[in-house]
Number of protein chains: 2
Amino acid sequence: MTTGSAERRGEAVPLRLKKSERRRQILLELKLQPHVRNGDLAERFGVSSETIRRDFDALSGEGLIQRATGGAYAPAHGHHPSLDERSAAHVAERDRIGRRAAALVADGETLMVDSGSTTIAFARALAILGTRCTVLTNSIPVAMTLATGEGIAIRLCPGDYLPAESALVGTDTLDFIDRFNVDRCFIGASAISAEGPSEAVQGFAAVKRRMLKRAACGHLLIGSAKFGRKGLARVAGFADLDSIVVDRAPEGELAAALAVSGTDILVAQ
Amino acid sequence: MTTGSAERRGEAVPLRLKKSERRRQILLELKLQPHVRNGDLAERFGVSSETIRRDFDALSGEGLIQRATGGAYAPAHGHHPSLDERSAAHVAERDRIGRRAAALVADGETLMVDSGSTTIAFARALAILGTRCTVLTNSIPVAMTLATGEGIAIRLCPGDYLPAESALVGTDTLDFIDRFNVDRCFIGASAISAEGPSEAVQGFAAVKRRMLKRAACGHLLIGSAKFGRKGLARVAGFADLDSIVVDRAPEGELAAALAVSGTDILVAQ
DNA sequence: TAGGGAACGATGGATTTGCCACAAAACTGT
DNA sequence: ACAGTTTTGTGGCAAATCCATCGTTCCCTA
């Protein structure tokens with residue numbers, strides 16, 4: 001009668017899971033809780049904490065989790081930072097741009113804010129300033145960031161949930177945006193050329209366009225690293241933008257195009 | 001002109017922040033990143049790591065953050081777990097209930113899912129099962145949890161963002177729900193008595209009611225710890241529910257009321 | 001049934017982190 | 001200006017964690 005390994009243990013011990021299944025559960029757990037502890041998981045799966053540590057190593061190698069002493073956590077609110085957005089230089093850029101843009105907002109104004117890493121930086125700056133305002137957004141990280149500030153009313157768009165960006169897109173989103181009129185809107189873009197800003201994700205381009213249409217004043221937040229590049233879908237012409245907020249003044253063709261359309265250029269810091 | 005302490009240091013050293021400001025920034029940072037390290041913050045603010053530790057202590061005392069070895073993290077996706085929901089026993093309960101409820105869903109069905117810790121457990125079970133379906137929800141954690149599963153289309157409701165629960169409420173939410181018809185809806189509640197389920201947060205009660213109305217089949221997910229209690233706002237009568245999913249069969253008045261209405265009782269495990 | 005390989009557990013020393021108590025510094029109100 | 005309070009820094013020690021290594025167990029396949 002050999003083993004019968006489950007019976008031999010005979011306990012309420014959770015029966016031994018395969019490695020892959022255990023790792024899948026770790027990832028799922030991280031969707032529930034932002035942080036898991038090494039020891040807790042070891043106990044729950046009935047394995048040694050060394051094994052969990054090895055799981056962490058493997059998963060973090062694939063970029064699915066991030067490690068911290070004593071545990072692991074999910075990578076940034078489900079919002080995938082593509083490689084180039086990781087460098088410290090770009091973080092500083094975005095912070096400066098975000099602060100400059102937030103300074104444009106006056107108490108009592110209504111805003112629309114788009115999805116993207118630059119607009120998250122903007123949201124953060126706005127929350128720090130403590131400007132009282134109403135914000136409509138299709139980005140979950142933006143909503144969560146703004147929620148730390150006092151006196152900011154947040155309205156989230158409906159739509160199809162896009163996990164990679166934690167944002168909402170689709171016709172529901174567009175229809176919803178159409179129902180509002182706001183003082184300003186703040187959008188990002190994945191590229192900007194003399195023809196105007198463009199966006200890699202097509203669903204986003206439509207949202208940005210719609211926001212610009214419903215706002216009295218449109219602001220584009222974009223880092224100089226994206227100057228002169230072109231994305232898949234054109235978002236708008238410069239005529240639709242009242243100002244662009246950048247970390248460095250544009251030059252050449254781009255500067256000329258902006259001059260023609262009369263778009264203000266706000267250089268952060 | 002005396003000191004000019006910032007000048008005396010003369011460095012790019014970030015000028016000394018007040019305690020309250022530093023703590024506010026820590027909270028903001030946690031909206032951006034799910035996890036912060038003690039050492040990183042110490043360096044960034046130019047204070048000792050012991051100070052950061054004290055900040056962590058204070059903030060976690062207020063329930064604003066949770067601590068982990070080497071750092072701190074935001075409390076469960078911005079979703080406040082009230083004390084009684086923390087015990088391991090209740091976690092196990094909810095897991096069982098979630099799995100039982102997820103088994104009800106067939107491939108290709110359309111669902112509505114409400115906000116709450118039990119429905120998050122349901123979402124997790126559904127994602128693990130890998131059932132292909134379309135889900136409409138007003139809960140951000142539910143949306144994020146479901147996003148791990150393959151083949152699940154997620155549609156999020158619009159509405160006013162409620163940071164404490166990471167959920168959406170208000171007339172926008174209700175109007176949106178009204179536009180859909182689904183096969184099933186899964187809701188939670190903060191209490192259940194012979195009169196029916198009730199809810200502590202009034203905005204939620206309206207959402208739950210509306211979801212029940214638009215679904216061919218309504219399921220209530222609730223732990224036995226909530227039996228016999230009453231919340232602020234009544235959600236529905238048992239006649240509106242096709243089944244309740246519980247971890248233990250109800251008794252007495254509650255059982256009698258359920259028998260009268262013919263509501264199925266599904267006991268998990 | 002035996003062999004091979006992967007997964008896991010155990011051990012021990014280096015490192016990190018937590019925690020406590022006391023001292024220095026900054027801030028506050030009079 | 002001064003005294004008291006609050007906040008922060010420092011040092012030492014205990015505990016937890018990390019990491020590399022090695023032996024064992026389990027599973028799969030020939």
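Each chain gets a letter, A, B and so on, in the order its sequence line appears, and its residues count up from 1.
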- Message: If you compare every side-chain N and O of A:Ser48 against the phosphate oxygens of C:dG9 (OP1, OP2), does one of them come in below 4.0 Å?
- Response: yes
- Message: Distance check needed: C:dT17 P versus B:Phe56 CZ, whole Å only.
- Response: 12 Å
- When you match B:Arg54 and A:Arg54 each to their closest nucleotide on DNA chain D, which lands nearer the 5' end? B:Arg54
- Task: For C:dT17, take OP1 and OP2 only and decide whether either is under 4.0 Å from a side-chain N or O of B:Ser49.
- Result: no
- For atom CG of A:Asn38 and atom C1' of D:dA15, their distance in whole Å: 15 Å
- Between B:Arg155 and A:Asp160, does a salt bridge (Lys or Arg N to Asp or Glu O under 4.0 Å) hold up when you go through it step by step? CA-CA 4 Å; B:Arg155 191 166 280 203; A:Asp160 299 320; 3.3 Å; yes
- Item | NZ/NE/NH1/NH2 to OD/OE distance under 4.0 Å, B:Asp95 and B:Arg124 | yes
- Task: Round to a whole Å and report the spacing from CG of B:Asp40 to P of C:dT16.
- Result: 14 Å
- Message: Please report the distance, rounded to the nearest Å, between CG in B:Leu41 and P in C:dG18.
- Response: 12 Å
- Task: Give the rounded distance in Å between these two atoms: CZ of B:Arg53 and C1' of D:dT7.
- Result: 15 Å
- Message: Less than 3.5 Å apart, any donor N or O on the side chain of B:Thr131 or B:Asp107 sitting next to an acceptor on the other?
- Response: no
- Item | Atom pair distance, as rounded to whole Å: CG in B:Asp55 and C1' in D:dT7 | 10 Å
- Item | Spacing of A:Glu50 atom CD relative to C:dG9 atom P, expressed in whole Å | 9 Å
- Task: Report the nucleotide, chosen from C:dG9, D:dC19, C:dT17, that has the shortest atom-to-atom distance to any side-chain atom of B:Thr69.
- Result: C:dT17
- Task: Given salt bridge (Lys or Arg N to Asp or Glu O under 4.0 Å), test A:Arg67 with A:Asp57 step by step and report yes or no.
- Result: CA-CA 8 Å; A:Arg67 300 210 46 182; A:Asp57 277 342; 2.6 Å; yes
- What is the nucleic acid contact for A:Ala68, judged by heavy atoms within less than 4.0 Å: base, sugar-phosphate only, or nothing? sugar-phosphate
- Interatomic distance where CD1 belongs to B:Ile52 and P belongs to D:dT8 [whole Å]: 9 Å
- Query: When you check the phosphate oxygens OP1 and OP2 of D:dA16, does a side-chain N or O of A:Arg37 lie under 4.0 Å from one of them?
  - Reply: no
- Message: Using every non-hydrogen atom in the two residues, find where A:Thr119 and A:Asp114 come nearest and quote the distance to one decimal.
- Response: OG1-O, 2.9 Å
